[in-house]
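Have a look at the structure below, then the notes.
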Amino acid sequence: MSILPDKSKDWQIQPLNRKGLHLRYSRYFIPTLKEIPAEAEVISHQLMLRAGMIRKLAAGVYSILPLGVRVVRKVEAIIRKEMDKSGAMEVILPSIQPAELWKEAGRWNFYGKELLRISDRNDREFCYAPTAEEAVTDLVRGEVRSYKDLPINLYQIQTKFRDEIRPRFGVMRAREFSMKDAYSFDTDQDGIDHTYIQMKQTYKSIFKQCGLKFKVVEADTGQIGGSSSHEFMVLAESGEDTIAYCDECNFASNIEKVSLDNCEFAYDGNHLPMQEIDTPQLKTIGEVSEFLGVSPQKFFKTLVYKTDDENNKAVVAVCRGDHSINPVKLANAIGVNEVTLANEELIESVTGAPVGFVGPIGLKKVSVYGDYSIKPILNGITGANKKDKHMKNVNSNRDMTHVVWKDIRNPVDGDSCPAIGVGKLSLAKGIEVGHIFKLGAKYSKSMGATFLDKNGKEKPMLMGCYGIGVARTIASAIEQSHDEKGIVWPVSIAPFKVIVILLQPKEELVVTTAEMIYADLIKAGHDPILDDRDQRPGVKFNEADLIGFPVQVIVGKKSVANKKAEIKVRKTGKIQDVPLETITDTIISTLDGLG
Ligand code: ATP
Ligand code: MG
């Protein structure tokens, strides 16, 4: 199609495409920043601030600006399309919920400080919902009576609040954030199994359409509870989670769910007599290992943990010197909700020794958990539970008969894959963008969400729940796709797919040409923005790259005189000179080519 400006046509004098007037850069609220904001550690946070997408109101509480909202709406549209396709139905549940419901489900106390508790004018207790199992179960138990009404899957995209202990990385770990949460109700195990698989597929489709590289990993069910759970992990260095995956098979798992071997004793050699040695001021394994010339693999690394169980306040965990304890595995092994590293006071009261000299030998007041991998250590080293002393020639089967053996360590690169056992594991950092749980009857039992089956028998509904962090998904896309100039958006979620950069806003031919390209793109169903500002070209180019518009059309005096304009692809930086007759078609085919 030809869009060459033709002065004889009256479209030129009319205000072009009134509908699109608000999409002119000069009228748009995009407060970009030149400098990297000091408060932002990770690249997505820096770029979202610099591109004028978000601003902080309080710790972990962000305003989303117009450009950010456009991305949010695009991600939400993908989520809605796929959720609707799966048969789920959108609802809007209240974000303020009464304490009674949370008490009924047993989570009011269990949820701890992350739950923001509030009271109304009559001193009735409420919370700002961090998730909505209680509210949705209450809704469904009140309305659904018969197996004929099931299955149903309800979802919402709603603000959540979690009073995170360490809000950071901008919207990635915020306190207030928007989550797509869905809750399914089925009559039997086959039903919930089917819904769960369907949601897993739906999530894969959503994240694929958002342009993300991700892995689906097995996960611990944590505070939400239930029997089975998968996380959707975007691979990125800034990820707070570590996942283990196998290159030989499709095994991928959150590290806390990787089952590691129960090593049997594999050494031969003499058990030498245990002996106390002087290690003045040498507290770390690194220091003692260097001092003695013994590798960290021969150390029994011993740590004291505090638990949330009143009757079992402290436990000791032991692993190999070059390994680390996984707190979730440890908590599961003990049967408590949570363990955290003990403070100095607790360490001294349990072991009689200051930090740095703790070992498993002779501990009577606490349970000691040992990781399987320390069993084969021959004549190893550990703290002597005395200041400035260690023990050498420690052997687990002779000296650690009081130890409970469990799988409590983190996997390391090169561990055997637990799936079929042939491959080796690799570790990678990941950002959890989605999480699905098979809850079973956990909430339906405690809250009495039952139905009558075909035989008129009352049964609890079987539930699943499924979450996606909207802004975290956006931040992850930026973590995965950026360069030194700024964001490189996956086209599907770019705030605008195309920017038409008008270089000389006072040159009539340049203006009309740019306006026409812009109008044509809108006519063709695309969402361009027109940079009509009276700014230096350098500023316009830099900002276009910072914000990351996938396709940039540059309309300048020289090229227009030759009946041409330039098309630049953000991802590759490649610039193409294109005749005006074919420019719209070329822009559209370039966009199509970007996926
Ligand atoms: P995390 O382990 O990162 O704290 P979670 O396991 O507690 O997350 P879920 O309860 O599974 O989170 O919530 C579902 C989704 O909501 C997560 O997969 C994530 O995308 C998003 N989400 C959770 N917490 C936050 C947060 N503080 N800020 C932004 N998004 C979040
Ligand atoms: Mg989770």
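For reference, positions follow the sequence shown, starting with 1. Side chains are part of it too, since the values below use all heavy atoms of this structure and drop only hydrogens, waters and symmetry mates. We count ligands from 1, going down the list as the structure has it; atoms in each ligand are counted the same way.
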Give the single entry among His435, Glu164, Met179, Glu176 that approaches atom 13 (O) of ligand 1 most closely by any heavy atom.
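Of the listed residues, Met179 has the closest heavy atom.
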
Heavy-atom nearest neighbour of atom 30 (N) of ligand 1 within options Phe232, Tyr466, Phe177, Tyr62:
Phe177

Within the structure, is a non-hydrogen atom of Val433 found at a distance of less than 4.0 Å from ligand 1?
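In this structure, Val433 qualifies as a contact of ligand 1 - some heavy atom is under 4.0 Å.
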
Does [X], backbone or side chain, put an N or O under 3.5 Å from an N or O of ligand 1?
| X | result |
| --- | --- |
| Phe437 | no |
| Ala174 | yes |
| Arg472 | yes |
| Met172 | yes |

Which of the numbered atoms in ligand 1 are under 4.0 angstrom from any heavy atom belonging to [X]?
| X | result |
| --- | --- |
| Gly469 | 15 (C), 16 (O), 19 (C), 20 (O), 21 (C) |
| Arg162 | 5 (P), 7 (O), 9 (P), 10 (O), 12 (O), 13 (O), 23 (C), 24 (N) |
| Gly434 | 18 (O) |

Backbone, side chain, both or neither: what part of [X] comes under 4.0 angstrom of ligand 1, heavy atoms only?
| X | value |
| --- | --- |
| Val171 | backbone |
| Arg173 | both |
| Arg175 | neither |
| Glu432 | both |

Under 3.5 Å: donor-acceptor pair, side chain of Gln158, backbone of Leu93:
yes

Salt bridge or not between [X] and [Y]? Use side-chain N to carboxylate O under 4.0 Å.
| X | Y | answer |
| --- | --- | --- |
| Glu231 | Lys215 | no |
| Lys429 | Glu240 | no |
| Lys313 | Asp308 | no |

Check against ring-ring contact (aromatic ring centres under 6.0 Å, His included), Phe232 and His230:
CA-CA 7 Å; Phe232 292 73; His230 286 86; 7.7 Å; no

Is it true that the side chains of Asp371 and Ser373 contain a donor and an acceptor less than 3.5 Å apart?
yes

Charged tip of [X] within 45° of [Y] ring normal and under 6.0 Å:
| X | Y | answer |
| --- | --- | --- |
| Arg117 | Trp108 | yes |
| Lys160 | Tyr128 | no |
| Arg70 | Phe496 | yes |
| Lys56 | Tyr62 | no |

His435 ND1 to Glu432 OE2 via the Mg ion (ligand 2), rounded to 10°, gives 100°

